Amino acid sequence: MAGLRGSVTGIACVLLALCMAVPTLATVYTVGDSSGWATGVDYTTWAKGKTFAVGDSLVFNYGGGAHTVDEVNASDYNTCTVGNYISTDQSGATTIPLKTAGTHYFICGVTGHCGSGMKLAVDVAAAAAPSGTPSSSGTPPATNTTVTTPTPVTTKPTTTVPSSSGAVSSVEALVMTMIALFVLVVS
Ligand SMILES: *[C@@H]1O[C@H](CO)[C@@H](O)[C@H](O)[C@H]1NC(C)=O
Ligand SMILES: *[C@@H]1O[C@H](CO)[C@@H](O)[C@H](O)[C@H]1NC(C)=O
Ligand SMILES: [Cu+2]
């Protein structure tokens, strides 16, 4: 039984670490979600309400060779002009790290596909958190980094309803709930 308890505690610790890292983790966005990168999807609608920051990345999923992911400039995006891409990929799973702030434009380079909806523009903000800030969730940068043992706020398992105000906070709430459950099991 000690073994089980140990492993459960271990998992809880991993989850706790994960949870504390979440606020500073870059977000990976799957373009089009389950629809992927395809014709007939409205990527303006998909991007609406999402916030993109330097450090985040976009993942385009599609049949390899069936489409391309071309980063283009604003005018080529607006006119669906193919051939002048800044970068291109047709692997079927294209990850684009958003490295610079500003608007980034993507189209499919297959003739006609951009006109059929395969165009995405994302407004990328400067990096959300100042670099160098470790995974301290809210604690002010005190003096020199003496290893502060994280004291998790072990409130009673009042299941915090995910505020659904964003992907990150939902994930955080989920992980917190899981940790609460693990703590219950262990004790
Ligand atoms: C976009 O790229 C095309 C082709 O290289 C060029 O002719 C055009 O001037 C560029 N437009 C902008 C706004 O940079
Ligand atoms: C932190 O450490 C640096 C050198 O490691 C030292 O120069 C600085 O005075 C220290 N600051 C505090 C607040 O202890
Ligand atoms: Cu295409």
Side-chain angles (χ1 to χ4, degrees), residues 14-15 17-135 141 161-178:
V14 168
L15 284 173
L18 182 71
C19 183
M20 300 193 66
V22 160
T24 55
L25 273 185
T27 308
V28 177
Y29 292 97
T30 301
V31 175
D33 296 314
S34 58
S35 298
W37 183 231
T39 56
V41 180
D42 187 340
Y43 294 101
T44 303
T45 301
W46 174 82
K48 190 166 286 179
K50 293 183 174 64
T51 53
F52 303 90
V54 169
D56 292 347
S57 50
L58 304 173
V59 175
F60 296 77
N61 294 314
Y62 52 99
H67 302 288
T68 72
V69 178
D70 296 1
E71 181 163 3
V72 297
N73 71 15
S75 57
D76 286 352
Y77 169 85
N78 287 323
T79 57
C80 276
T81 302
V82 300
N84 301 319
Y85 50 77
I86 299 161
S87 69
T88 185
D89 184 58
Q90 56 175 28
S91 65
T94 306
T95 299
I96 304 279
L98 299 171
K99 293 177 181 168
T100 57
T103 308
H104 291 252
Y105 303 93
F106 303 92
I107 64 173
C108 177
V110 176
T111 305
H113 285 197
C114 177
S116 297
M118 296 188 73
K119 57 192 300 186
L120 168 67
V122 294
D123 292 317
V124 180
S131 57
T133 309
S135 56
V161 181
S163 54
S164 73
S165 60
V168 171
S169 59
S170 314
V171 169
E172 221 183 330
L174 176 66
V175 174
M176 274 304 199
T177 308
M178 291 177 72

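No experiment lies behind these values; they were computed from the predicted model shown. Position 1 is the first residue of the sequence; numbering continues from there. Order of appearance sets the numbers: ligands from 1, and atoms from 1 within every ligand.
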Pi-cation contact, Tyr105 with Lys119 (under 6.0 Å, within 45°): no
Short N or O distance, Asn84 and ligand 1, threshold 3.5 Å exclusive: no
Parallel, tilted or perpendicular: rings of Trp46 and Tyr29 (30°, 60°): perpendicular
Under-4.0 Å heavy-atom contact between protein and atom 14 (O) of ligand 1: yes
Spacing of Thr27 atom OG1 and Leu58 atom CG [to the nearest 0.5 Å]: 10.5 Å
Of all N/O/S atoms in His67, the name of the one nearest the Cu ion (ligand 3): ND1
Distance-minimising heavy-atom pair for Tyr43 and Trp37: OH-CA, 3.1 Å
Non-hydrogen atom of Ala74 closer than 4.0 Å to ligand 1: no
Reference residue Val59; test side-chain contact (heavy atoms from CB on, under 4.5 Å); the match among Val28, Ile96, Thr94, Val31: Val28
Thr81, portion touching ligand 1 at heavy-atom distance under 4.0 Å: neither
SG-SG under 2.5 Å, Cys108 vs Cys114: no
Protein non-hydrogen atom found under 4.0 Å from atom 11 (N) of ligand 1: yes
Closest candidate by heavy atom, reference atom 8 (C) of ligand 1, pool Asn78, Asn73, Thr79: Asn73
Name of the His113 atom (N/O/S only) found closest to the Cu ion (ligand 3): ND1
